[in-house]
Student: 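Handing you a structure now.
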Amino acid sequence: MTETTTIRLSDAQVAAFHRDGFLAIEQLTTADEIAAMREVYDRLFGRRDGFDKGDHLELSELDDEGRETLPQILSPDKYAPELASTLARRNALALARQLLGPEAEHSGDHAIMKPPGLGAPTPWHQDEAYWNPAVLHTALSIWMPLQEATVENGCMHFVPGSHVRDVVPHHLASADAHALEVDSSELVADEVACPIPAGGATIHHCRTVHYAGPNVSTTPRRAYIMGFHGQHRPLPVARDFSWQRPEWTE
Ligand code: NI
């Protein structure tokens, strides 16, 4: 297996990430690899792999006919090990080390699919709101669509500069969903949408407020998300993340 990477951020891109809390890049991997990953992805969602182990979750709510509207698979590489040795993963790690420091490591993948026509929005949130409140996290996610991501099919949206805040108050988006949502809608007034081509990616810091719209197109919106962490700093007093369910704490 080759360890080759094919990407490096410019100084201007690194500066933009630290200023805005997010960055869009045009090409993380090849069209061939995207096509191969798309096949694996559709197989995993089609077979409901990981459902028994709690790794296949509904982030929103089933529709009136019992269909999933925002299914997520945690650690899809557990069910399809070839996902751990992609060029996309190697390039993503290289980018994470440029942005977080050479000690940055891969922390886990997940996949969020929005079915055509009924794919629900992913509520506005900060990723760190899901994590251990006793630790200040240094982390980012690299979000790669396996087809073009458009405003119509549910591309990512970000609030520029929101990563410099601490974690803001969140609540569960609905009683039987697993998704968190920020309490204040004022926070998201200055948001920007980030449509990107297949094989491109967006990178966001763990405190950047972000959202993905509903899928009102006629094809699935497949997102493959790779997480990376740098050095974590234990806090003297844990923050109050009262919206978390006890079983979430990592
Ligand atoms: Ni997120």
Side-chain angles (χ1 to χ4, degrees), residues 34-80 82-83 108-127 129-130 141 143-158 170-183 185 188 191 193-199 201-202 204 209-227 243-248:
I34 290 294
M37 289 180 73
R38 196 159 51 219
E39 249 176 62
V40 173
Y41 193 100
D42 288 349
R43 192 180 75 227
L44 293 182
F45 276 99
R47 292 201 313 224
R48 298 169 68 78
D49 277 4
F51 197 78
D52 297 346
K53 295 196 174 63
D55 285 340
H56 183 135
L57 312 169
E58 171 57 45
L59 282 172
S60 183
E61 290 172 327
L62 301 181
D63 75 355
D64 291 345
E65 294 167 36
R67 293 177 297 186
E68 296 174 303
T69 65
L70 195 57
Q72 165 172 246
I73 296 177
L74 302 174
S75 304
D77 48 337
K78 243 170 45 187
Y79 304 98
E82 61 269 42
L83 293 172
D109 291 354
H110 63 283
I112 302 180
M113 205 265 282
K114 290 187 195 282
L118 53 122
T122 314
W124 286 103
H125 68 280
Q126 294 166 299
D127 292 337
Y130 286 88
S141 291
W143 185 98
M144 183 176 72
L146 302 185
Q147 71 297 302
E148 187 183 9
T150 63
V151 171
E152 190 188 25
N153 74 7
C155 70
M156 291 284 269
H157 297 236
F158 300 100
H170 284 66
H171 57 272
L172 272 175
S174 71
D176 50 356
H178 291 89
L180 293 173
E181 180 171 32
V182 297
D183 286 356
S185 56
V188 305
E191 58 112 341
C194 264
I196 47 173
T202 60
H204 64 273
V209 178
H210 60 283
Y211 159 92
N215 181 2
V216 297
S217 79
T218 55
T219 52
R221 193 233 56 186
R222 307 166 185 88
Y224 194 84
I225 302 126
M226 295 169 275
W243 52 83
Q244 289 188 349
R245 290 173 168 166
E247 67 271 20
W248 288 2

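Note that the numbering runs from 1 along the sequence shown for the chain.
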Student: My understanding is that only one of D63, D64, T69 makes a side-chain hydrogen bond (donor to acceptor under 3.5 Å, both in side chains) with R67; could you say which?
Tutor: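 The single option meeting the side-chain hydrogen bond (donor to acceptor under 3.5 Å, both in side chains) with R67 is D63.
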Student: Go through the steps to decide whether L44 and H56 satisfy the test side-chain contact (heavy atoms from CB on, under 4.5 Å), and finish with yes or no.
Tutor: CA-CA 10 Å; L44 293 182; H56 183 135; over 6 Å; no
Student: Taking it one step at a time, do L62 and E68 satisfy side-chain contact (heavy atoms from CB on, under 4.5 Å)?
Tutor: CA-CA 5 Å; L62 301 181; E68 296 174 303; 4.0 Å; yes
Student: Check for a donor-acceptor pair, side chain of Q244 on one end and backbone N or O of A129 on the other, with a separation under 3.5 Å.
Tutor: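 Checking the backbone N and O of A129 against the side chain of Q244, a donor-acceptor pair under 3.5 Å is found.
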Student: Check D183 against H170 and note the closest heavy-atom contact, atom names and distance.
Tutor: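 That would be OD1-C, 3.3 Å.
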Student: Within the side chain of S141, is there an N or O that forms a donor-acceptor pair under 3.5 Å with the backbone of W143?
Tutor: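 Such a contact is absent between S141 side chain and W143 backbone.
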Student: Backbone N or O of G154 within a donor-acceptor pair of the R221 side chain at under 3.5 Å?
Tutor: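 At least one qualifying donor-acceptor pair exists.
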Student: Which atom pair, heavy atoms only, marks the closest approach of Y130 to A179?
Tutor: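 Between these two residues, the closest heavy atoms are OH-CA, 3.3 Å.
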Student: Using the six-membered ring wherever Trp is involved, compare the ring planes of H157 and W124 and label them parallel, tilted or perpendicular (cut-offs 30° and 60°).
Tutor: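 Perpendicular, since the angle between the ring planes exceeds 60°.
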Student: Looking only at non-hydrogen atoms, find the nearest pair between P76 and Y224 and report the distance.
Tutor: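 Answer, listing the atom of P76 first, then Y224: CG-CE1, 3.6 Å.
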Student: What heavy-atom pair brings P145 and I196 nearest, and what distance separates the two atoms?
Tutor: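 Distance-wise, the nearest heavy atoms are CD-CD1, 3.5 Å.
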Student: Quick one: does F158's side chain get under 4.5 Å of H204's, heavy atoms only?
Tutor: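 Counting from C-beta outward, F158 and H204 do come under 4.5 Å.
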Student: Between N153 (side chain only) and E148 (backbone N and O only), is there a donor and an acceptor less than 3.5 Å apart?
Tutor: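 Judged by distance alone, yes, a pair lies under 3.5 Å.
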Student: K114 side chain to P220 main-chain N or O, any donor-acceptor pair under 3.5 Å?
Tutor: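 Answer holds: no.
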Student: Might you point out which heavy atoms bring Y41 and L146 nearest each other, and give the distance in Å?
Tutor: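 That closest heavy-atom pairing would be CD1-CD1, 3.5 Å.
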Student: Calculate, to the nearest 0.5 Å, the distance between atoms CZ and CD belonging to R38 and Q147 respectively.
Tutor: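 Between atom CZ of R38 and atom CD of Q147 there are 7.0 Å.
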Student: Does any part of the side chain of K78, heavy atoms only, come nearer than 4.5 Å to the side chain of D55, both counted from C-beta?
Tutor: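 Yes. Closest side-chain heavy atoms under 4.5 Å.
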Student: Enter the distance from N215:CG to T150:OG1 here, rounded to the nearest 0.5 Å.
Tutor: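 Rounded to the nearest 0.5 Å, the CG-OG1 separation comes to 7.5 Å.
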Student: Find the distance between CD (E181) and CH2 (W243) and round it off to the nearest 0.5 Å.
Tutor: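 E181 atom CD to W243 atom CH2 measures 13.0 Å (nearest 0.5 Å).
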Student: Report the C-alpha separation of D42 and R222 in whole Å, then their side-chain angles, then the decisive distance to 0.1 Å, and conclude whether the side-chain contact (heavy atoms from CB on, under 4.5 Å) test is met.
Tutor: CA-CA 9 Å; D42 288 349; R222 307 166 185 88; 2.8 Å; yes
Student: Can you measure from CE (M156) to OG1 (T122) and round to the nearest 0.5 angstrom?
Tutor: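 The CE atom of M156 sits 8.0 Å away from the OG1 atom of T122.
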Student: Are the side chains of E191 and V209 in touch, meaning some heavy atoms are under 4.5 Å apart?
Tutor: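 In short, these two side chains do not touch, never coming nearer than 4.5 Å.
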Student: Determine the minimum heavy-atom distance between L74 and Y79, stating which atoms define it.
Tutor: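 Heavy-atom minimum between the residues: O-CE1, 4.0 Å.
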Student: Would a line drawn from the ring center of H210 to the ring center of H125 be shorter than 6.0 Å?
Tutor: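 Aromatic pair counts; centres sit under 6.0 Å.
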